[in-house]
There are 2 protein chains.
Amino acid sequence: MAELHEHNTATLLRSAGRRVTNARLHVAHVLQHHNGHMTASVVLAGVAEADAHIDQSTVYRVLADLRDSGLVAESRFGAGEASYEWVAGSNHHHLHCVECGETVPLDGELVSDFSSKVLESHGFETDTTHMVLNGVCAKCRGGSTTFSGS
Amino acid sequence: MAELHEHNTATLLRSAGRRVTNARLHVAHVLQHHNGHMTASVVLAGVAEADAHIDQSTVYRVLADLRDSGLVAESRFGAGEASYEWVAGSNHHHLHCVECGETVPLDGELVSDFSSKVLESHGFETDTTHMVLNGVCAKCRGGSTTFSGS
DNA sequence: TTTCTTATTGCGAATCTTTGCAGGAACGAT
DNA sequence: ATCGTTCCTGCAAAGATTCGCAATAAGAAA
């Protein structure tokens, strides 16, 4: 099972034109086995635990090129530090509440509709594989709770 | 003129519940007199030139609370370092082309439409005072229609 | 103006992230 | 399996950003 994961990861890396290396597999593994977003320092810790020999600078570099390869999403929730999440190309979006800190998924259709309108009127093709919007959630607004969750 | 600016800035600071201080006026001044986005280090340099006595850590702190006050927008163009821009509450949005690096303004109505749809279906009030979308502009799209990740 | 409260600042040090470079590893070709 | 070309990585050092804390200055109140 871990093997399957690694096989997938290797394939993904290769099709992204990257070499399959120990450091990359470790970073990917840590990200894959953690639910939700992780800050760089958490990733750093996870990788260090798995293989103390991998250097911090390498982890940062790997994170950056996994991001560039589209396998990892890097999000900035407002002021805070960056956080990383394994996405492997899947489209998904977040609404991040600045009051309570919760992050909820955002309907992808709304995003793609918006995206195509932008393309229409500006000729600009937006990269909306992973979008983060800050704001205030239903609960914190105290208003109607029409959101069902998923 | 400079006086007017400073008067405005002071007022804005006060209504944001912040004290009017030398450091804040200097940072604001530097941002106001620069067209477009500036990285932290450029702001740092500008402030240092104006008043060498203001510490770097103070500039970072001021930048952060001007951001929190909504007077300054902090943008992250993809991988690069953060950049800052004096906005003082005005709504405006950017489309940033990852190919040529150009930044063009995005129609605010599209954004507010999108925003109200998100509110409708998720009960989530998005803060879209300053939005940055990455992608590929009309010019750079040229012939190719396919855009793969970032 | 003088006093009082507390947000801000400067300074030094800790922390986080990036960079240059030379040795080592991945992978296609032989 | 070995060779050769490039990509990656570890290491060390530089650079960027944040933090703790005592001293200072802003704004409110008297």
query: Donor-acceptor pair, His92(B) side chain versus Val87(B) backbone, under 3.5 Å?
result: no
message: Return the OG to CE distance between Ser115(B) and Met131(B), rounded to the nearest 0.5 Å.
response: 7.5 Å
- request: Scan Ile54(A) against the nucleic acid and name what it touches under 4.0 Å (heavy atoms): base, sugar-phosphate only, or nothing.
  value: sugar-phosphate
Report all interatomic pairs (protein N or O, nucleotide N or O of nucleotides 13-16 of chain C) with separations under 3.5 Å.
none

- request: May I ask whether Leu110(B) and Phe124(A) are part of the same hydrophobic cluster, defined by side-chain heavy atoms of I, L, V, M, F, W, Y residues being less than 4.5 angstrom apart, directly or through others?
  value: yes
Shorter than 3.5 Å, N or O on both sides, protein versus nucleotides 12-14 of chain D: list them out with atom names.
none

message: Taking the nucleotide of DNA chain D with the nearest heavy atom to each, does Leu44(B) or Asn22(B) sit closer to the 5' end?
response: Leu44(B)
field: His34(B), Glu74(B), His37(B) screened by side-chain contact (heavy atoms from CB on, under 4.5 Å) with Tyr84(B), the one that passes
entry: Glu74(B)
- request: Tell me, please, which residues at least two apart from His26(A) pass ring-ring contact (aromatic ring centres under 6.0 Å, His included).
  value: none
- request: List the steps and the verdict of salt bridge (charged side-chain N to carboxylate O under 4.0 Å, His left out) for Asp65(B) and Arg24(B).
  value: CA-CA 10 Å; Asp65(B) 58 50; Arg24(B) 284 184 181 140; 3.3 Å; yes
- prompt: What's the spacing between Asp127(B) CG and Asn134(A) CG if we round to 0.5 Å?
  reply: 7.0 Å
Estimated bend of the helix from dT1(C)-dA30(D) to dT30(C)-dA1(D) (axis per five terminal pairs, rounded to 10 degrees): 40°
Can you check nucleotides 27-30 of chain C for protein contacts, nitrogen or oxygen pairs under 3.5 Å, and list what you find?
unit_1, atom_1, unit_2, atom_2, d
dC27(C), OP1, Arg14(A), NH1, 3.1
dC27(C), OP1, Val20(A), N, 3.0

query: Looking at Leu44(A), Val43(A), Asp51(A), which hits side-chain contact (heavy atoms from CB on, under 4.5 Å) with Val47(A)?
result: Val43(A)
statement: Those residues at least two apart in sequence (or on a different chain) that pass salt bridge (Lys or Arg N to Asp or Glu O under 4.0 Å) with Glu85(A) are none
message: Ring-plane angle category for Phe114(A) and Phe114(B), please: parallel below 30°, perpendicular beyond 60°, tilted otherwise.
response: parallel
